Amino acid sequence: MAPHKKSKRKPKKDKKLKKHKSRSLVVPVESKGIESDWWHSFWHKNSSTPGASVPVDEEEGFKYFFRVSKKTFEYICSLVREDLISRPPSGLINIEGRLLSVEKQVAIAIRRLASGESQVSVGASFGVGQSTVSQVTWRFIEALEERAKHHVKWPDAGKMDEIKSKFEAVFGLPNCCGAIDATHIIMTLPAVQTSDDWCDQENNYSMFLQGVVDHEMRFLDIVTGWPGAMTVSRLLKCSGLYRLCEADERLNGSTRNVSEGIDVREYIVGGVGYPLLPWLITPYESDGLSASLSAFNTVHEAASSLSVKAFMHLKGSWRILNKVMWRPDKRKLPSIILVCCLLHNIIIDNGDLFHPDVALSGHHDSGYGEQNCKQVDPLGRAMRENIVKHLQHGKDKSPLE
């Protein structure tokens, strides 16, 4: 009887194990292998897509699909590799049953962020399912958010001196440390999550992103997660940047004596939606300006355009931010936005050029009118006047051509 009982239990145990395996989808590496030649398969499958202007050259094609060069792609893989291989590869297999390599996981996530296409569409281009795209993308976002955070940081004194030197050389603005702007990330929300807080001036549900950029359009500081219904000036005052600057813990470098009796402290430039502060200089209202004030506005606009262009490149390169997000988790969306900013900076820090024609052809916040902020700090007004005097003084000293 004993052998008979044992034989009855064994199939039951095997059945239970089989059921467990089918649920977890764990595929042993030694039996299935890891798909390593993902790029050749992807290129062969997607390079001749009807209606797509895919470059003929493979190197350019890689950048077309993933926004980064192969060298930068390898660097990104090195940042997240440990995190992506330290977790169980449950479910992360392709249609042929092979485990996804770290490189293919990164490619899937970056393609999802770069194209903004649906998870189904991205999955089809790689031969994986929608759930795999979802898992892979979020694992990548979590890993890069932690491992690449050093790519978005406020400059130390030495780096800031370089930034100020570049702003003065190009625009003539002394002691200028950057340009600030903000943009809306539009989304749809389930009815149970909708509220006036998230409904902005254009009746879209959106989340704000504010950023300060340097002369190379690198993000130095960002803040996100706040509802798009806020004004730009309100968003500023809710940011850590505002608290630090008001406490004289940021933009607190040495004052520049530009000429006799004219001192200029560190500052950034921003549009009319921002308050005029000692450390944030906005343009003059454009009606009936003198020649010197008009000249200042022209210089100011040129410098401020760096932040506008940075957001145009950000949303153009990582189009998930420029499409209407379909019911995103508002707790996770800030991480998605941050990772796109990190990828933007990684491109710059690694010496890559932005892919041609990725920048948006229109404004990054198309359809949104700029709301003028009337707040004027007397010290900010005095600072702006000193900059105008400096620019006029420099013009008067320059020889006639």
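Just so you know, these numbers come straight off a predicted model, no measurement behind them. Start at 1 with the first residue, then count along the sequence.
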Asks: Look at the side chain of Ser366 and the backbone N and O of Gly362, then say whether any donor-acceptor pair between them is shorter than 3.5 Å.
Replies: no
Asks: Less than 4.0 angstrom from a charged side-chain N to a carboxylate O is my criterion; do Glu103 and Arg81 meet it?
Replies: yes
Asks: Looking only at heavy atoms, which two atoms of Pro283 and His300 are closest? And how far apart?
Replies: CD-CE1, 3.3 Å
Asks: If you count the non-hydrogen atoms of other residues, nucleotides and ligands that lie under 6.0 Å from CD in Gln375, is the total more than 12?
Replies: yes
Asks: For the ring pair Trp154 and Phe219, is the centre-to-centre distance below 6.0 Å?
Replies: no
Asks: What do you reckon, is NZ of Lys166 surrounded by more than 12 foreign heavy atoms closer than 6.0 Å?
Replies: no
Asks: Under a 3.5 Å cutoff, is there a donor and acceptor pairing between the side chains of Ser125 and Lys45?
Replies: no
Asks: Please round to the nearest 0.5 Å and tell me the distance separating atom CG of Asp57 and atom CD of Glu59.
Replies: 6.5 Å
Asks: Any salt bridge between Asp83 and Arg139, counting N to O under 4.0 Å?
Replies: no
Asks: For His364 and Asn322, test the side chains for any donor-to-acceptor distance below 3.5 angstrom and give the result as yes or no.
Replies: no
Asks: Taking atom NZ of Lys323 as the centre, report whether more than 12 heavy atoms of other residues, nucleotides or ligands fall under 6.0 Å from it.
Replies: yes
Asks: If you measure only the distance, is there a donor-acceptor pair under 3.5 Å linking the side chains of Tyr205 and Asp200?
Replies: no
Asks: Find out whether Phe354 and His344 are in side-chain contact, i.e. whether some heavy atom of one side chain is under 4.5 Å from a heavy atom of the other.
Replies: yes
Asks: In terms of heavy-atom contacts, does NZ of Lys153 have more than 12 from other residues, nucleotides or ligands at under 6.0 Å?
Replies: no
Asks: Would you indicate whether the side-chain heavy atoms of Ile163 and Pro155 approach each other to under 4.5 Å?
Replies: yes
Asks: To the nearest 0.5 Å, how far apart are CD1 in Ile387 and CZ in Phe296?
Replies: 5.5 Å
Asks: Check this for me, if you would: do Arg319 and Glu117 make a salt bridge, where the nitrogen-to-carboxylate-oxygen distance has to be below 4.0 angstrom?
Replies: no
Asks: Please answer whether the main-chain N or O of Ser206 pairs with a side-chain N or O of Asn204 as donor and acceptor at a distance below 3.5 Å.
Replies: no
Asks: Less than 4.0 angstrom from a charged side-chain N to a carboxylate O is my criterion; do Arg256 and Asp263 meet it?
Replies: no
Asks: Would the number of heavy atoms belonging to other residues, nucleotides or ligands and lying under 6.0 Å from NE2 of His40 be above 12?
Replies: no
Asks: Could you tell me which non-hydrogen atom of Pro275 sits nearest to which non-hydrogen atom of Ser233, and how far apart they are?
Replies: CD-CB, 4.0 Å
Asks: Answer yes if the side chains of Glu58 and Trp39 hold a donor-acceptor pair under 3.5 Å, and no otherwise.
Replies: yes
Asks: Is Arg384 close enough and on-axis enough to Tyr284, meaning under 6.0 Å and within 45°, for cation-pi?
Replies: yes
Asks: Could you check, using the six-membered ring where one of them is a Trp, whether Phe167 and Tyr267 have ring centers closer than 6.0 angstrom?
Replies: no
Asks: Considering residues, nucleotides and ligands other than Trp279, do more than 12 of their heavy atoms fall under 6.0 Å from its CH2?
Replies: yes
Asks: Using every non-hydrogen atom in the two residues, find where Arg265 and Thr255 come nearest and quote the distance to one decimal.
Replies: N-CG2, 4.2 Å
Asks: Which heavy-atom pair separates Leu342 from Ala148 by the least distance, and what is that distance?
Replies: CD2-O, 3.1 Å
Asks: When rounded to the nearest 0.5 angstrom, what distance separates CZ in Arg147 from NZ in Lys149?
Replies: 8.5 Å
Asks: Does the gap between the ring centers of Trp38 and Phe73 come in under 6.0 Å?
Replies: yes
Asks: Look at Arg243 together with Glu246 and state whether they make a salt bridge at an N to O cut-off of under 4.0 Å.
Replies: no
Asks: In terms of side-chain geometry, is the basic nitrogen of Asp352 or Lys71 positioned less than 4.0 Å from the acidic oxygen of its partner?
Replies: no
Asks: Can you check whether Tyr368's main-chain N or O pairs, donor with acceptor, with Asp365's side chain at less than 3.5 Å?
Replies: no
Asks: I'd like to know whether the aromatic ring centres of Tyr75 and His151 sit less than 6.0 Å apart in this structure.
Replies: yes
Asks: Between Ile320 and Cys340, what is the shortest heavy-atom contact and its length?
Replies: CG2-SG, 4.0 Å
Asks: What class does the angle between the rings of Phe65 and Phe42 fall in, given that below 30° is parallel, 30 to 60° is tilted and above 60° is perpendicular?
Replies: perpendicular
Asks: Would you say Ser121 and Ser118 are linked by a side-chain donor-acceptor pair, where the criterion is simply a distance under 3.5 Å?
Replies: no
Asks: Dump the intermediate steps for salt bridge (charged side-chain N to carboxylate O under 4.0 Å, His left out) on Lys159 and Glu162, then the final yes or no.
Replies: CA-CA 5 Å; Lys159 182 64 177 176; Glu162 178 187 338; 3.5 Å; yes
Asks: Between Gln130 (side chain only) and Gln119 (backbone N and O only), is there a donor and an acceptor less than 3.5 Å apart?
Replies: no
Asks: Could you tell me the separation between the CG atom of Asn345 and the SG atom of Cys341, rounded to the nearest 0.5 Å?
Replies: 7.5 Å
Asks: Quick one: do Asp161 and Lys164 make a salt bridge, cutoff under 4.0 Å?
Replies: yes
Asks: Determine the minimum heavy-atom distance between Tyr242 and Leu236, stating which atoms define it.
Replies: CB-O, 3.0 Å
Asks: Looking just at side-chain N and O atoms, do Glu145 and Ser335 make a donor-acceptor pair shorter than 3.5 Å?
Replies: yes
Asks: How long is the span from the CZ atom in Arg67 to the CD1 atom in Ile346, to the nearest 0.5 Å?
Replies: 15.5 Å
Asks: Rounded to the nearest 0.5 Å, how far apart are SG of Cys245 and CG of Leu251?
Replies: 4.0 Å
Asks: Quick one: are the ring centres of Phe311 and His363 less than 6.0 Å apart?
Replies: no
Asks: Please say whether more than 12 non-hydrogen atoms of neighbouring residues, nucleotides or ligands are located less than 6.0 Å from CD in Glu301.
Replies: no
